[in-house]
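Each remark here refers to the structure printed beneath this line.
Computation of the quantities below employed the complete heavy-atom set of this structure, encompassing side-chain atoms and omitting hydrogens, waters and symmetry-equivalent molecules.
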Amino acid sequence: MADTTGSTTENEAQHPPQPRKASWKYIGPGIVVAATGVGAGDLVATLIAGSNFGYTLLWAAIIGCLVKISLAEAAGRWHLSTGRTLFDGWASLGRWTTWFFAVYVVVWGFVYGAAAMSSSALPLQALFPDVMDLKWWGIACGLVGLVFVWFNKYAVFEKVMTVLVGVMFVVTVYLAIRVTPNLPDAFAGLLPVLPDEKDSILNTLGLIGGVGGTITLAAYGYWVNAKGWTDTGWMKVMRLDNRVAYATTGIFVIAMLFVGAEMLHSANVAIASGDKGLIQLGDILEAEYGAATAKFFLIGFFATSFTSLIGVWHGVSLMFADFVARLSGKGRAKGEEVASGARERSWPFRAYLLWLTFPPMILLLEGQPFRLIIVYGVLGAAFMPFLAGTLIWLLNSARTPREWRNGPVSNVMLAIAGLLFLVLCVKQIWDQPWGEFF
């Protein structure tokens, strides 16, 4: 078990790092986490919220971004203040964290790989309908993601993600402007009012918790280290970077809620949940604004899906490499090792890349096994309460230097996040068809 009595080195204690000035020129990991966390399914969930409730839940979408800011900031603060990785912190809490992560990362990666490839394939098939079947587009996307992450370090990865985020930004903002949002109604949506509908509380909590909330929030600290930020001198920079990340997420969410409210709610049009809902939206856009707008939207849909794919391929593989290094008895896992690029060249990193790419192709070709999907749903729902709870534990203990432990605001925000995701976890578990599982 790792030492739990703080981890600043003697040299750092005597010569604390000089704070860097928070500057826009450093922004990077935040863009990566925003792009990876917001997938096609998240945009559909926001569209459906706008379709069902108009602008009423705009406030909930904004609160969701604030909750994610607190979680990502806490993960980044742990990495910078202790010099240790998040998995090293989890390992210090007991073996149960290792077992949970081991099961989670194997099952989740297997099913998510297929979902990410399929999501990236849908807009490509819509753009080029006569080229090949959806499953082959999915396999092609997975292979491109594998090759890209395998042969490129973080710096190139970040630049490509930034370009794709730019595409996402232009497309979503263009659509929001094109549908001519009702600004007085939108401002009214900032008031915390629940829709007068059945299950409105759970629907609201789902919107708050759903957008941009995945294991990539935990990967943020690893991307911070991969950028070269490894000590407390980068704390102000990290916090600005994190706020930019979720301001960007907020723009995506608000833009898609505007589209849902104006195009779908006002016309009483329903779309399917999941990625196929965006294909339906593309058809609606073509009928309303022409083929050029529809194709422009599909390009943005692809950028949204593919950033999630390569983001997970890189970020979760970094976490898995750290997990294996910790299990192999190499001692305390440090941020400097992530910053050096050694993790990206390691066999565990590349082994998990292969796991995310090739076994999931079986699911694309053969269909998804029912029981595995249930286990995937439960584990996925349990991860966010696990993340929030363990961050509260780590950042209020002697494992974190006193100066960088949680203050009242951080504790309140993380507690709200933990309770929110615990409620959603219980609902997810309750909704599973357990009678058919056994």
Between [atom1] on residue [X] and [atom2] on residue [Y], distance to nearest 0.5 Å:
| X | Y | atom1 | atom2 | result |
| --- | --- | --- | --- | --- |
| Tyr222 | Asn225 | OH | CG | 8.5 Å |
| Leu134 | Ser118 | CG | OG | 5.0 Å |
| Leu281 | Leu264 | CG | CG | 6.5 Å |
| Leu127 | Trp137 | CG | CH2 | 8.5 Å |
| Ser397 | Leu93 | OG | CG | 7.5 Å |
| Thr36 | Phe306 | OG1 | CZ | 11.5 Å |

Answer yes or no: is there a donor N or O on one side and an acceptor on the other, between the side chain of [X] and the main chain of [Y], under 3.5 Å?
| X | Y | answer |
| --- | --- | --- |
| Asp241 | Val237 | no |
| Arg77 | Met235 | no |
| Thr307 | Ala303 | yes |
| Thr357 | Leu354 | no |
| Thr249 | Ala245 | yes |
| His314 | Phe157 | no |
| Thr400 | Leu394 | yes |
| Trp108 | Leu379 | no |
| Ser317 | Trp313 | yes |
| Ser92 | Gly89 | yes |

Could you tell me which non-hydrogen atom of [X] sits nearest to which non-hydrogen atom of [Y], and how far apart they are?
| X | Y | result |
| --- | --- | --- |
| Ile139 | Met117 | CA-SD, 4.4 Å |
| Ser70 | Leu414 | O-CD2, 3.9 Å |
| Ser346 | Ala321 | OG-CB, 3.7 Å |
| Val179 | Met263 | CG1-CG, 3.4 Å |
| Gly28 | Lys227 | CA-NZ, 4.4 Å |
| Leu58 | Leu190 | CD2-CD2, 3.9 Å |

Partner residues of Thr172 under the side-chain contact (heavy atoms from CB on, under 4.5 Å) criterion, sequence neighbours left out: Phe252, Ala255, Met256
State which residues pass side-chain contact (heavy atoms from CB on, under 4.5 Å) with Ala72; sequence neighbours excluded, sorted by chain then number. Leu217, Tyr220, Asn242, Tyr246
Step-by-step ring pair (Phe, Tyr, Trp, His ring centres under 6.0 Å) determination, Tyr174 to Phe296: CA-CA 10 Å; Tyr174 166 77; Phe296 188 51; 5.3 Å; yes
Given Thr230 and His79, is the side-chain contact (heavy atoms from CB on, under 4.5 Å) satisfied, shown in steps? CA-CA 7 Å; Thr230 58; His79 277 249; over 6 Å; no
Scan for side-chain hydrogen bond (donor to acceptor under 3.5 Å, both in side chains) pairs involving residues 47-61, sequence neighbours excluded, and state none if there are none. Tyr55-Glu262
Per the side-chain hydrogen bond (donor to acceptor under 3.5 Å, both in side chains) rule, what does the pair list look like for residues 144-157, sequence neighbours excluded? Tyr154-Glu158
Do [X] and [Y] have side-chain heavy atoms sitting under 4.5 Å apart?
| X | Y | result |
| --- | --- | --- |
| Thr85 | Lys334 | no |
| Asp431 | Lys427 | yes |
| Leu278 | Ser305 | no |
| Leu80 | Asp231 | no |
| Tyr112 | Ser308 | yes |
| Leu124 | Cys141 | yes |
| Leu143 | Met361 | yes |
| Val156 | Phe151 | no |

According to the interplanar angle, ranging from 0 to 90°, do the rings of Tyr26 and Trp229 count as parallel (below 30°), tilted (30 to 60°) or perpendicular (above 60°)? perpendicular
I want to know whether His265 and Phe53 have ring centres closer than 6.0 Å. no
Is the ring centre of Phe101 less than 6.0 Å from the ring centre of Phe87? yes
Walk me through whether Met413 and Leu66 qualify under side-chain contact (heavy atoms from CB on, under 4.5 Å). CA-CA 8 Å; Met413 291 300 293; Leu66 295 177; 4.2 Å; yes
Output, in order, the C-alpha distance, side-chain angles, deciding distance and verdict of side chain to side chain donor-acceptor pair (under 3.5 Å) for Thr293 and Arg178. CA-CA 10 Å; Thr293 296; Arg178 189 70 191 265; 3.2 Å; yes
Taking NZ, NE, NH1 and NH2 as the nitrogens, is one of them in Arg326 or Asp322 under 4.0 Å from a carboxylate oxygen of the other? no
Determine which pairs satisfy ring-ring contact (aromatic ring centres under 6.0 Å, His included) with at least one residue from residues 384-406, sequence neighbours left out, and list them in order. Trp90-Phe386, Trp96-Phe386, Phe100-Phe386, Phe383-Phe386
Under the criterion ring-ring contact (aromatic ring centres under 6.0 Å, His included), which of Phe349, Tyr352, Trp347, Tyr104 is the partner of Phe320? Tyr352
Using side-chain contact (heavy atoms from CB on, under 4.5 Å), reason through Val338 and Trp223 one step at a time and then give a plain yes or no. CA-CA 8 Å; Val338 180; Trp223 284 321; over 6 Å; no
With sequence neighbours excluded, what pairs up with Glu344 under the salt bridge (charged side-chain N to carboxylate O under 4.0 Å, His left out) test? none
Kindly determine whether Phe302 and Ser119 satisfy side-chain contact (heavy atoms from CB on, under 4.5 Å), including the steps that lead there. CA-CA 8 Å; Phe302 173 73; Ser119 179; over 6 Å; no
